[in-house]
A.B. asks: 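Okay, handing you the structure first.
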Amino acid sequence: MSTAHWLFGDQLGPHFLAPGADGPDPDATVVMIEARSVLRRRRFHRAKAHLVLSAMRHRAAELGDRVRYIRCETYREGLLRAVGDGPLTVHHPTSHAALRFVRSLGTVTVLPARGYLTPLADFRAWADGHGGGHLRQEDFYRWVRRGHDLLMDGDTPAGGRWNHDHDNREPPPRGTRSLGAPAPYRPREDHIDEEVRHDLDRWEHDGLVSFVGRDGPRRFPASRREALAALRRFIGYRLAGFGPHEDAMLSHDPVMSHSLLSSSLNLGLLHPAECVERAEDAWRSGHAPVNSVEGFVRQIAGWREYVWQLYWYFGDDYRHADALRHRAPLPDWFLDLDADAVTARCLATTLAQVRDTGWTHHIPRLMLLGSYGLQRGWDPRALTDWFHRCFVDGYDWVMLPNVVGMSQYADGGRMTTKPYTSGGAYINRMSDFCGACAYRPADRVGERACPYTAGYWAFLHRHRSRLEHNQRMAQAVRGLDRLGDLDEVLRQDRERGHAPP
């Protein structure tokens, strides 16, 4: 008799049920558990809750009689109803908490992780071989490309260079509201979405759960069929224009040429290998330039894979890293996604995008949301939780390294070589936000002082003793000595405090 197999809500693609030495029994009954306690414990974005439940229920509908789909209060209750005390297999979960839980169940066998390019053991061997301390994404990325023969011509990187960032960091075209890229794939809701929305409305009305953000028509795939359609749409129509402006921001074009595939990858609906292989095929067939393809491949085979591996390599204690001793609580206007309370156009626009869709691309996340929190000394653990709850593609493994390591520099440089923050000049160069803003990017003090410019200098001053020895930050820190109005900058920044900028 075959052993039943448990599918978590982020293991929804066919590769999680493929049989093999590290897979479930070929005819295994599939167990899926919709535990409402997950939504009760934390205040998730409404669109995220909708997407996850819709994706789970779509997968259950595909599996038909093979699945035991349990709706209940807790996972323990669901397992008892599904298999009693019988044996169960499950692929390695995607969070430390989930892994601890399944390992505490004596009847559950944990199978190797699926849905990633590199086995965890292989990365650990690579990282240990590099000293395990300051691991750099660029070194890892090249190792992955060689190991998977990805965008390679023999021993040489395709296009003659490993890194095409120089071609992929152009500011947005001046005087335009949009890049004019073909529209991304948009799914059509069905009766399952209607059922999910009805359930969420009822639970919220009854006071059982509470959400932030808005739940408009679903924007992201909830099934394998939809995810493949989104991938085809991106590769065929949007990939060619992706590279040059991938770090740019436009107030009226939040999507630009980005793929919008992160939620599908993180739900397990797509496998990273099929995404990067199709992108490489587009370059080799002459349908996309190498800089755009390399930029997309870097995001998936480089950064996404690197973040997944570091999450496990650094361990669960990594979430407590706080090298900068930032302890300030997140203000209510930020927690509630109250974009209307914010004057700074860049932050208000980005917060509104999160409120309305549960998504922004990586530069607003890092250089607007994350940078603002870093400058204000917000608690990195609380900010990690906020990103996890408020983004449709947010999971603990995604957000912990991205926020603690990349965005907030709370690990003191284990993951990145410098803090990623800037004044208004960077925002002005890479976006169209500043022209119509009430603040001026060059002003440090006064009514029109840009909160990012003042916050940048206040941050450098606060951490001068640490950052002046950082090769990539030393010149910026020395700039403090040239500010004749530094005392006024610091005073004004303190007075602004937690008020919306």
A.B. asks: Between Lys48 and Phe387, is NZ or CZ placed under 6.0 angstrom from the six-membered ring centre and within 45° of the ring axis?
C.D. replies: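 Lys48 over Phe387 ring: no.
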A.B. asks: Here's a test for you: under salt bridge (Lys or Arg N to Asp or Glu O under 4.0 Å), which of Arg46, Arg197, Arg36 qualifies with Glu204?
C.D. replies: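 Going through Arg46, Arg197, Arg36 one by one, the salt bridge (Lys or Arg N to Asp or Glu O under 4.0 Å) with Glu204 is satisfied by Arg46 alone.
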A.B. asks: Do you see a donor-acceptor pair shorter than 3.5 Å between the side chains of Asp139 and Trp126?
C.D. replies: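 Checked: Asp139/Trp126 side chains show no N/O donor-acceptor pair below 3.5 Å.
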A.B. asks: Under 3.5 Å, is there a donor-acceptor pair between the Asp247 and His362 side chains?
C.D. replies: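 Side-chain D/A pair, Asp247 to His362: present.
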A.B. asks: For a 4.5 angstrom cut-off between non-hydrogen side-chain atoms, does Leu369 reach Trp386?
C.D. replies: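 Leu369 reaches Trp386 side chain to side chain.
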A.B. asks: Taking only residues two or more places apart in sequence, or in another chain, which ones meet Tyr439 in a ring-ring contact (aromatic ring centres under 6.0 Å, His included)?
C.D. replies: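 Once residues adjacent in sequence are excluded, Tyr439 has no partner under the ring-ring contact (aromatic ring centres under 6.0 Å, His included) criterion.
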A.B. asks: For Asp193, is there any backbone N or O sitting under 3.5 Å from a side-chain donor or acceptor partner on His58?
C.D. replies: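 Not at all, since once roles are kept as given, no pair shorter than 3.5 Å links the two residues.
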A.B. asks: Which of parallel (below 30°), tilted (30 to 60°) and perpendicular (above 60°) describes His388 and Tyr395?
C.D. replies: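 Taking Tyr395 first and then His388, their aromatic rings sit tilted (interplane angle of 30° to 60°).
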A.B. asks: Below 30° counts as parallel, above 60° as perpendicular, anything between as tilted: where do the rings of Tyr306 and Phe140 land?
C.D. replies: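 Rings of Tyr306 and Phe140: tilted, as their planes differ by 30° to 60°.
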A.B. asks: Between the side chains of Arg319 and Thr384, does any donor sit under 3.5 Å from an acceptor?
C.D. replies: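 Note: Arg319 and Thr384 side chains miss the donor-acceptor criterion.
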A.B. asks: Just jot down the salt bridge (charged side-chain N to carboxylate O under 4.0 Å, His left out) partners of Arg145, sequence neighbours excluded, or say none.
C.D. replies: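 Arg145 satisfies salt bridge (charged side-chain N to carboxylate O under 4.0 Å, His left out) with no residue once adjacent residues are dropped.
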A.B. asks: Compute the ring centroids of His463 and His326, then answer whether they are less than 6.0 Å apart.
C.D. replies: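 Yes, the ring centres sit under 6.0 Å apart.
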A.B. asks: Between Thr360 and Gln353, does any side-chain donor sit less than 3.5 Å from a side-chain acceptor?
C.D. replies: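 Side-chain D/A pair, Thr360 to Gln353: absent.
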A.B. asks: Judged by modelled atom types alone, do Ser95 and Asp396 share a side-chain donor-acceptor pair under 3.5 Å?
C.D. replies: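 Result is no, nothing qualifies.
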A.B. asks: Kindly indicate whether a cation-pi arrangement holds for Arg219 with Trp359, taking the cut-offs as under 6.0 Å to the six-membered ring centre and within 45° of the axis.
C.D. replies: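 Judged by the rule, Arg219 and Trp359 form no cation-pi pair.
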A.B. asks: Hey, does Leu374 have a side-chain heavy atom less than 4.5 Å from the side chain of Phe459?
C.D. replies: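 They are in contact (side-chain heavy atoms under 4.5 Å apart), so the answer is yes.
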A.B. asks: Arg43 and Ser210: side-chain donor and acceptor closer than 3.5 Å?
C.D. replies: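 On atom types as modelled, these side chains qualify, holding a pair under 3.5 Å.
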A.B. asks: Check this for me, if you would: do Arg491 and Asp485 make a salt bridge, where the nitrogen-to-carboxylate-oxygen distance has to be below 4.0 angstrom?
C.D. replies: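 Not counted as a salt bridge, because no side-chain N and carboxylate O are separated by less than 4.0 Å.
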A.B. asks: So, for Trp457 and His461, is the gap between ring centers shorter than 6.0 Å?
C.D. replies: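 Trp457 vs His461: aromatic centres not under 6.0 Å.
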A.B. asks: If you draw a 6.0 Å radius around CZ in Arg177, do more than 12 non-hydrogen atoms from other residues or ligands fall strictly inside?
C.D. replies: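 No.
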A.B. asks: With a 3.5 Å distance limit and no angle check, can you tell me whether Arg238 reaches the backbone of Met256 through a side-chain donor-acceptor pair?
C.D. replies: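 Flag set: sc Arg238 to bb Met256 pair under 3.5 Å.
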A.B. asks: Are any of the side-chain heavy atoms of Val398 and Phe391 separated by less than 4.5 Å?
C.D. replies: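 Val398 vs Phe391: side chains apart.
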A.B. asks: Is the distance between the ring centroids of His45 and Phe211 under 6.0 Å?
C.D. replies: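 Distance test on ring centres: not under 6.0 Å, no.
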A.B. asks: Using a 6.0 Å cut-off, check whether atom CD of Glu274 has over 12 heavy atoms from anything other than its own residue.
C.D. replies: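 More than 12 heavy atoms, drawn from other residues, nucleotides or ligands, come within 6.0 Å of this atom.
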A.B. asks: State, without any angle test, whether Thr417 and Arg472 hold a side-chain donor-acceptor pair at a distance under 3.5 Å.
C.D. replies: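 Yes - a donor-acceptor pair under 3.5 Å links their side chains.
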